[in-house]
There are 2 protein chains.
Amino acid sequence: MHPLRRHIEEVVSLEDAEFDFILSHFTPINKRKHQYLMQEGEWINNEFWVIKGCLRAYVLDELGKEHIIQFAVEDWWITDYQAFEKGMKTQIYVDCLEDSELLYITKENREKLSAELQKMQQFWARKTKLGYIASQNRVLSLLKNTAKERYELMCAQYPNIIQRVSKKMIASYLGVSRETLSRLY
Amino acid sequence: MHPLRRHIEEVVSLEDAEFDFILSHFTPINKRKHQYLMQEGEWINNEFWVIKGCLRAYVLDELGKEHIIQFAVEDWWITDYQAFEKGMKTQIYVDCLEDSELLYITKENREKLSAELQKMQQFWARKTKLGYIASQNRVLSLLKNTAKERYELMCAQYPNIIQRVSKKMIASYLGVSRETLSRLY
DNA sequence: AATTTGAAGTGATGTAGGTCACAAGTGGAT
DNA sequence: ATCCACTTGTGACCTACATCACTTCAAATT
């Protein structure tokens with residue numbers, strides 16, 4: 001079964017014809033390690049789904065420091081939702097931490113597909129709610145946990161990401177310096 | 001015009017009959033300052049919309065410290081989305097900072113209304129996306145801004161909330177001690 | 001009116017985590 | 001095979017912010 005179909009069917013069940021119709025709205029794209037899907041200042045119009053690989057979304061602050069918004073590995077979605085939803089220029093960078101195989105859908109195709117297939121609207125609504133909940137939990141973790149606690153929670157929640165990306169990246173996701181993270185144990 | 005209708009029509013336009021149908025899924029409720037809409041450990045089944053008043057959602061950590069998840073004033077929605085969506089017991093508290101007039105909708109009525117009225121599904125999808133974006137921005141602010149910068153960003157973004165709630169509450173939303181907040185200027 | 005409760009400011013001191021600097025090891029690129 | 005960029009660890013020192021303690025003042029509560 002196509003991995004995207006398996007992924008969507010975790011939320012809503014699909015007929016063969018429905019999945020073919022869905023898939024026809026996506027385009028495959030391959031990127032190599034260090035290549036960017038988007039860079040600050042660009043107009044972005046696509047949401048990406050990871051078939052294989054590992055990526056990150058991050059911002060640069062005034063001092064040039066990177067702050068990681070999210071990682072994405074197999075079965076994850078990634079884009080700049082603020083730019084994508086509000087039709088703004090992006091303020092973030094998305095690059096590949098490994099060679100990656102992706103599918104992308106344009107904003108227009110996403111809207112068309114939502115309108116034509118109720119199930120996809122349900123699917124995306126569900127994904128957005130879960131993303132919102134996860135983000136609120138991340139805020140709470142930043143408010144109430146120490147650096148060490150946040151690291152341990154991340155190890156428990158995303159063990160596969162911990163194993164695939166450098167400590168420096170993890171530090172920048174957790175909001176701690178790489179030196180401090182290195183000294184936790 | 002009913003304030004809820006005005007609020008929904010900021011996203012999707014409605015016929016009179018549609019709004020009457022929507023409103024029939026909500027129940028009004030009034031609460032006084034210091035009263036709780038939910039407390040840790042309860043099963044919660046309602047999402048609240050604020051006609052008038054001011055509320056907050058917060059968690060208590062192991063040390064008994066409060067961390068504010070969100071405020072809600074006129075036109076805002078509030079509940080424990082994690083408990084509401086995943087059918088869990090709530091881990092948070094929601095209480096009134098002022099006497100408040102609310103409308104609430106049960107999970108069942110929300111699902112029924114979404115299924116029966118495409119426009120409401122669109123409306124809630126939009127609200128969830130914007131909530132997700134706002135929460136990601138809050139994470140980024142915690143990662144890249146100092147306490148003072150976060151306070152100033154909050155003053156710019158939510159001036160009405162700054163004026164209505166105590167500095168202690170604001171400190172607990174920003175992730176800073178009330179003493180430090182008091183010393184910023 | 002008297003009393004309690006909470007808000008807000010501020011001094012003194014403590015600490016988690018940041019920054020800078022350096023070293024050793026590792027994997028790609030040419 | 002060599003070089004270079006990157007990763008990780010670690011010592012020395014610094015700082016933003018927390019904590020504790022006390023005070024003043026205003027607003028609820030009785």
Side-chain angles (χ1 to χ4, degrees), chain A residues 31-36 53-56 58 60-68 71 93 95-100 139-155 161-185, chain B residues 31-36 53-56 58 60-68 71 93 95-100 139-155 161-185:
Chain A
K31 288 281 181 178
R32 308 214 49 196
K33 187 170 174 174
H34 297 133
Q35 287 188 312
Y36 282 86
C54 182
L55 303 92
R56 65 170 173 162
Y58 66 96
L60 283 183
D61 67 21
E62 317 71 55
L63 300 155
K65 230 163 89 171
E66 294 171 2
H67 303 279
I68 295 187
F71 294 104
Y93 299 82
D95 68 352
C96 297
L97 303 179
E98 301 172 6
D99 293 353
S100 301
V139 167
L140 281 178
S141 184
L142 286 165
L143 294 180
K144 71 185 211 198
N145 298 116
T146 62
K148 184 167 185 179
E149 289 166 344
R150 295 203 301 278
Y151 178 65
E152 284 166 357
L153 288 167
M154 188 178 176
C155 289
I161 291 178
I162 297 283
Q163 279 150 22
R164 279 169 90 161
V165 310
S166 70
K167 294 276 166 68
K168 184 184 154 197
M169 300 279 174
I170 293 167
S172 138
Y173 178 84
L174 292 174
V176 72
S177 70
R178 49 154 288 273
E179 292 93 331
T180 295
L181 185 65
S182 163
R183 273 188 265 255
L184 289 181
Y185 292 94
Chain B
K31 288 279 181 182
R32 307 216 48 199
K33 187 170 174 174
H34 296 132
Q35 288 188 312
Y36 282 87
C54 182
L55 304 92
R56 65 171 174 162
Y58 66 95
L60 283 184
D61 67 21
E62 317 72 53
L63 300 156
K65 229 162 89 171
E66 295 170 1
H67 303 278
I68 295 185
F71 294 103
Y93 299 83
D95 67 354
C96 297
L97 303 179
E98 300 173 6
D99 294 353
S100 300
V139 167
L140 282 178
S141 183
L142 285 165
L143 294 179
K144 70 185 211 197
N145 297 116
T146 62
K148 184 166 184 177
E149 287 166 346
R150 294 203 302 278
Y151 178 66
E152 283 166 358
L153 287 167
M154 187 177 176
C155 289
I161 291 177
I162 297 283
Q163 279 150 21
R164 279 169 90 161
V165 309
S166 70
K167 294 273 166 71
K168 184 185 153 195
M169 301 281 174
I170 293 167
S172 137
Y173 178 85
L174 292 175
V176 72
S177 70
R178 49 154 287 273
E179 293 93 332
T180 296
L181 184 63
S182 162
R183 273 187 264 256
L184 289 180
Y185 293 94

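Within every chain, numbering begins at 1; the chains are lettered A, B, ... in the order of the sequence lines, protein sequences first and strands thereafter. Only heavy atoms go into these numbers, but all of them, side chains included; no hydrogens, no water, no symmetry mates.
Looking only at side-chain heavy atoms (C-beta outward), A:Ile170 and A:Ile162 come within less than 4.5 Å of each other. A:Val165 has its side chain out of reach of A:Arg56: every pair of non-hydrogen atoms, C-beta onward, lies at least 4.5 Å apart. The shortest distance between side-chain heavy atoms of B:His67 and B:Tyr173 does not fall below 4.5 Å. At a threshold of 4.5 Å between non-hydrogen side-chain atoms, the residues B:Asp95 and B:Tyr58 count as touching.
Between the two ends of the helix from C:dA1-D:dT30 to C:dT30-D:dA1, each summarised by a five-pair axis, the helix axis turns through 50° (rounded to 10 degrees).
Residue contacts shown for B:Lys65 are limited to sugar-phosphate atoms, with no base heavy atom under 4.0 Å away.
Along DNA chain C, the stretch of nucleotides lying under 4.0 Å from any heavy atom of chain B spans, 5' to 3', C:dA7 to C:dA12.
Residues passing the side chain to side chain contact (heavy atoms under 4.5 Å, CB included) test with A:Asn145, sequence neighbours excluded: A:Ser141, A:Glu149, A:Arg150, A:Leu153. Legend: residues meeting side-chain hydrogen bond (donor to acceptor under 3.5 Å, both in side chains) with A:Glu98, ordered by chain and number and at least two apart, are A:Arg164. Under the salt bridge (Lys or Arg N to Asp or Glu O under 4.0 Å) criterion, A:Asp61 pairs with no residue, sequence neighbours left out. Residues passing the side-chain hydrogen bond (donor to acceptor under 3.5 Å, both in side chains) test with A:Ser172: none are found, sequence neighbours excluded. Considering only residues two or more places apart in sequence or on other chains, A:Tyr151 meets the side-chain hydrogen bond (donor to acceptor under 3.5 Å, both in side chains) condition with none of them.
Between A:Tyr93 and A:Tyr36, the ring-plane angle classifies as perpendicular under the 30° and 60° cut-offs.
If you check residues 141-154 of chain B against DNA chain D, the residues with a heavy atom closer than 4.0 Å are B:Thr146, B:Ala147, listed by number. The stretch residues 165-174 of chain A has no heavy atom under 4.0 angstrom from DNA chain C at all. Applying a 4.0 Å cut-off to non-hydrogen atoms, the residues of residues 177-185 of chain B that approach DNA chain C are B:Arg178, B:Glu179, B:Ser182, B:Arg183, listed by residue number.
Salt bridge present: B:Arg32 and B:Asp99 bring a charged side-chain N and a carboxylate O closer than 4.0 Å.
Taking OG from A:Ser100 and NZ from A:Lys31, the interatomic distance works out to 10.5 Å, rounded to the nearest 0.5 Å. Note: B:Ile68 CD1 to A:Leu140 CG = 11.0 Å, rounded to the nearest 0.5 Å.
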Could you walk me through whether A:Leu97 and A:Lys33 pass side chain to side chain contact (heavy atoms under 4.5 Å, CB included), step by step? CA-CA 5 Å; A:Leu97 303 179; A:Lys33 187 170 174 174; 5.9 Å; no
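With DNA chain C read from its 5' end, the first of the two nearest nucleotides for A:Lys33 and A:Gly175 is the one closest to A:Gly175.
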Quick one: side chains of residues 174-185 of chain B, donor-acceptor pairs under 3.5 Å with protein atoms, not counting sequence neighbours, listed by atom name and distance.
unit_1   : atom_1 : unit_2   : atom_2 : d
B:Ser177 : OG     : B:Thr180 : N      : 3.1
B:Ser177 : OG     : B:Thr180 : OG1    : 3.0
B:Tyr185 : OH     : B:Glu152 : OE2    : 2.8

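As a whole-Å value, the separation of B:Glu66 CD from D:dA18 P is 16 Å.
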